[in-house]
Amino acid sequence: MWLMAVRLALRALSRNRLRSALTALGVIIGVAALIITVALGEGARRLIEQQIASLGSSMLIVIPGASTTGGFVGGAGSGRPLLREDVDEILRLAPAVRYAAPVDRTVAQVVSANLNWSCQVLGTTPDYFLIRDWAPARGRLFTASENETAAKVCLLGQTVAHNLFGSADPVGEMVRIKQMPCEVIGVLAPKGQSAMGTDQDDVVIVPALTLRTRLLNQSRQHVGTIVIAATSEQDLPLAEQQVVQVLRMRHKLADDQDNDFTIRNLSELMQTQQRVVQTNATMLRNVAAVSLLVGGIGIMNIMLVSVTERTREIGVRLAIGARERDILRQFLVEAVVLSVSGGLLGLALGTGGAHLLSSFLDGLSVEIPAFWVLMALGISIAIGVSFGFYPARRAARLDPIEALRHE
Amino acid sequence: MAGSEEPLVRLVGVTKIYQRGEVQVPALRGVDLEVTAGEMAALMGPSGAGKSTLMNLIGCLDRPSSGAYLLGGRDVARLSRDELAAIRLREIGFVFQGFNLLPRTSALENVELPLLYAGLRARERRTRALAALERVGLAGREHHTPAQLSGGQQQRVAIARALVNGPRLLLADEPTGNLDSRTALEVMALLQALNREGLTVMVVTHEPDVAAYARRRIVVRDGRVRRDEPILPRCAAADLSAWRDPDSDLTGDLPCG
């Protein structure tokens with residue numbers, strides 16, 4: 001009976017193809033918008049989560065120089081430099097800090113037997129790998145004593161390893177960084193793109209003192225930046241506070257003086273990004289809801305027109321013995337078939353649109369959870385039922401004699 | 001027919017008053033009428049006389065304002081809409097002047113419609129609809145839509161639809177009103193044949209020529225039955241032969257009683 005009703009409804013709707021299509025448009029657009037927001041929202045959420053995960057555990061970066069000094073913006077590094085001892089003091093005095101590592105960077109030409117590659121060279125201590133949750137894919141990390149002795153060892157990022165050695169194993173091979181010969185002791189696991197879109201694997205990591213003394217010829221007491229991991233995600237604000245206190249104390253800043261260093265909280269930055277994405281998604285979802293509402297009203301409108309047009313048919317059906325519920329079902333099924341067809345088209349359109357959009361947005365993967373597919377169909381059915389009910393009831397309540405007389 | 005002492009249709013003091021705004025318009029002012037099973041009656045009268053109202057009441061499309069209506073001994077005057085629908089479905093067949101077939105729907109599906117509402121399975125529906133179409137002489141046309149059929153053929157589809165649930169009473173409202181004389185004769189011959197097989201037939205008409213094929217003439221005027229008399233029916237089949245139309249498939253095989 002129901003299957004029959006669906007078949008009849010499809011036939012009735014196909015008689016007015018253009019009208020049916022235009023009527024379903026509201027639902028088509030609404031569902032498509034819903035699916036696109038869900039797909040891209042979900043994709044963006046995953047992307048940001050991946051980026052946060054690739055940073056390692058919750059991380060702070062201390063940069064010398066104040067972000068503002070009495071309203072005057074100082075350039076990074078313009079203030080008092082950070083020292084190696086600062087790292088040790090932070091570890092000693094800030095209980096919410098689990099790891100702290102100095103980081104210095106330079107760009108250098110790295111040369112293997114017959115290939116060369118220009119990339120970022122990063123100098124740090126073994127703690128850095130714990131903070132970034134970064135293990136070697138092959139070989140080993142350098143040790144604290146190798147750092148102290150400024151040993152000529154290095155770890156290659158995947159990109160560098162590939163560009164210098166192809167598919168061969170670089171571990172144990174020699175490379176030259178600037179003019180310094182250096183043994184490759186490990187290759188790092190792939191890390192992927194950073195939140196800013198840079199390739200995190202395009203890097204060579206050497207001990208901090210190796211970089212400062214052998215490659216930069218700078219004071220071994222200074223460090224460029226300090227990277228810090230808190231004991232836990234929740235302790236991050238506490239850790240930040242403690243680091244500020246330690247550095248202010250060491251820099252002997254009076255209470256009315258601004259910080260002469262800056263602390264950046266990267267995961268917080270990304271959470272802000274995530275909130276922006278979510279706000280946009282919510283807004284688009286509201287647009288989808290409005291479109292669905294308008295679509296529903298369109299369906300109600302066209303069903304009322306259809307009931308008026310087919311008043312005589314309804315009269316005939318009543319005369320030959322249709323009960324109220326038979327007529328009600330007929331028009332209700334028609335409205336639901338209309339809205340569900342719109343929903344399915346919208347689903348297809350939304351999926352296509354999401355893939356199309358994601359091909360413009362680098363690194364954004366499209367993910368449409370099954371829950372939302374079912375949700376879209378459920379919403380379509382609900383729209384058909386709720387907006388089709390009034391016209392259908394009007395049809396069912398028609399007086400058979402009046403209806404038969406209707407021209 | 002069993003229980004023939006009880007008339008199939010029995011109206012006692014039936015009135016019908018329509019409310020037109022503030023004004024009450026009486027359409028029927030007290031009708032007493034009995035129709036016995038197996039009759040073929042013509043309901044006549046000028047327009048506005050109340051014959052359509054009477055027909056709608058007998059056909060359970062409407063309820064009387066007062067009075068009693070017993071259909072097959074059962075009081076149907078106070079039944080609910082759905083109960084009336086069930087009676088229309090099982091006991092009554094309607095034939096209209098304008099055929100009232102569903103457009104762009106095959107003859108077979110039009111005839112299947114009452115069976116659908118009766119809740120029959122697809123195979124049963126098909127078998128019975130095909131039989132009904134064959135009965136009205138439309139075997140082989142079951143997949144034609146109304147637009148592909150002549151007026152007479154459309155009316156025969158409508159008659160097949162009225163017959164398919166095996167009603168006790170066939171109500172035809174101006175069944176020949178939209179047809180030319182020869183096709184009208186075909187339809188009347190079909191109704192006569194169905195009546196001869198035991199079906200009770202009531203024809204609403206304002207044409208004496210059509211009423212002449214009934215065995216009883218009921219004249220309604222000003223909401224009352226003015227005249228009610230048996231008449232000697234003409235034989236539609238014989239009249240049809242008189243047209244000497246060799247194409248008519250109804251000629252000859254319907255001897256009038």
Side-chain angles (χ1 to χ4, degrees), chain A residues 1-20 303 305-334 337-338 389 392-407, chain B residues 16 18 27 52-57 59-63 80-106 109-122 125 145-146 158-167 171 173:
Chain A
M1 196 78 193
W2 286 99
L3 207 73
M4 185 83 184
V6 170
R7 237 188 62 207
L8 290 175
L10 278 172
R11 197 193 300 171
L13 292 171
S14 66
R15 274 181 202 143
N16 268 314
R17 276 207 189 87
L18 181 63
R19 190 167 87 177
S20 305
M303 288 311 293
V305 170
S306 175
V307 168
T308 306
E309 279 177 355
R310 285 150 72 188
T311 298
R312 202 182 170 80
E313 175 196 322
I314 295 163
V316 174
R317 287 174 181 272
L318 288 169
I320 64 174
R323 290 157 302 180
E324 280 190 27
R325 60 173 171 274
D326 295 320
I327 304 292
L328 187 81
R329 170 165 47 204
Q330 182 191 342
F331 282 90
L332 209 50
V333 166
E334 216 171 289
V337 165
L338 197 56
F389 185 77
R393 207 187 61 156
R394 220 159 110 149
R397 292 274 175 90
L398 280 175
D399 177 54
I401 297 168
E402 295 283 327
L404 276 170
R405 246 185 242 141
H406 192 268
E407 286 310 313
Chain B
K16 182 69 193 179
Y18 289 113
S52 287
T53 305
L54 187 55
M55 191 68 141
N56 289 338
L57 285 178
C60 290
L61 283 168
D62 207 350
R63 284 168 285 204
S80 72
R81 271 175 68 108
D82 275 356
E83 285 167 327
L84 288 178
I87 288 175
R88 292 196 296 270
L89 183 65
R90 312 257 174 210
E91 320 252 329
I92 294 165
F94 281 97
V95 178
F96 306 93
Q97 177 175 0
F99 321 136
N100 279 340
L101 299 176
L102 299 190
R104 285 163 291 199
T105 306
S106 72
E109 281 175 303
N110 264 292
V111 177
E112 277 188 8
L113 203 55
L115 300 169
L116 190 69
Y117 291 132
L120 264 65
R121 291 172 170 283
R125 286 203 302 265
T145 63
I159 293 172
R161 184 179 65 187
L163 291 177
V164 75
N165 259 333
L171 295 174
D173 191 354

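Every chain is numbered from 1 and lettered A, B, ... according to where its sequence line falls, protein lines coming before strand lines.
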How far apart are the closest heavy atoms of [X] and [Y], and which atoms are they?
X        : Y        : value
B:Phe96  : A:Ala319 : CZ-CB, 3.8 Å
B:Ala85  : A:Ala322 : CB-O, 3.6 Å
A:Ala396 : B:Arg81  : O-NH2, 2.9 Å

Please look at [X] and chain B and tell me whether the side chain, the backbone, both or neither of the residue comes under 4.5 angstrom of a heavy atom of that chain.
X        : result
A:Ala12  : neither
A:Arg310 : neither
A:Gln330 : side chain

Can you find a pair of side-chain heavy atoms, one from [X] and one from [Y], that are under 4.5 Å apart?
X        : Y        : result
A:Leu404 : B:Asn56  : no
A:Val316 : B:Arg161 : yes
A:Arg323 : B:Leu89  : no

[X] side, atom [atom1]; [Y] side, atom [atom2] - distance, nearest 0.5 Å:
X        : Y        : atom1 : atom2 : value
B:Met55  : A:Ile401 : CE    : CD1   : 12.0 Å
A:Arg317 : B:Leu102 : CZ    : CG    : 5.0 Å
A:Glu324 : B:Asp82  : CD    : CG    : 5.5 Å
A:Asp399 : B:Asp62  : CG    : CG    : 6.5 Å
B:Tyr117 : A:Ile327 : OH    : CD1   : 4.5 Å

Query raised in the report: Which bit of B:Pro103 comes within less than 4.5 Å of chain A, counting heavy atoms only: side chain, backbone, both or neither?
Result: backbone
Query raised in the report: Tell me, side chain or backbone of B:Glu109 under 4.5 Å from chain A's heavy atoms, or both, or neither?
Result: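 Contact with chain A involves the side chain of B:Glu109 alone.
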Requested in this report: For B:Asn100 and A:Ile320, run side-chain contact (heavy atoms from CB on, under 4.5 Å): C-alpha distance rounded to whole Å, both residues' side-chain angles, the deciding distance at 0.1 Å, then the answer.
Outcome: CA-CA 11 Å; B:Asn100 279 340; A:Ile320 64 174; over 6 Å; no
Report task. Sequence neighbours left out, what passes salt bridge (charged side-chain N to carboxylate O under 4.0 Å, His left out) with B:Arg88? Give chain and number order. Result ->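 Once residues adjacent in sequence are excluded, B:Arg88 has no partner under the salt bridge (charged side-chain N to carboxylate O under 4.0 Å, His left out) criterion.
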**Report entry** Most chain B-contacting option - heavy-atom pairs closer than 4.5 Å, from A:Glu313, A:Arg312, A:Arg325
**Finding:** A:Arg312
Query - A:Arg15 (side chain) donor-acceptor with B:Arg104 (main chain) under 3.5 angstrom - result: yes
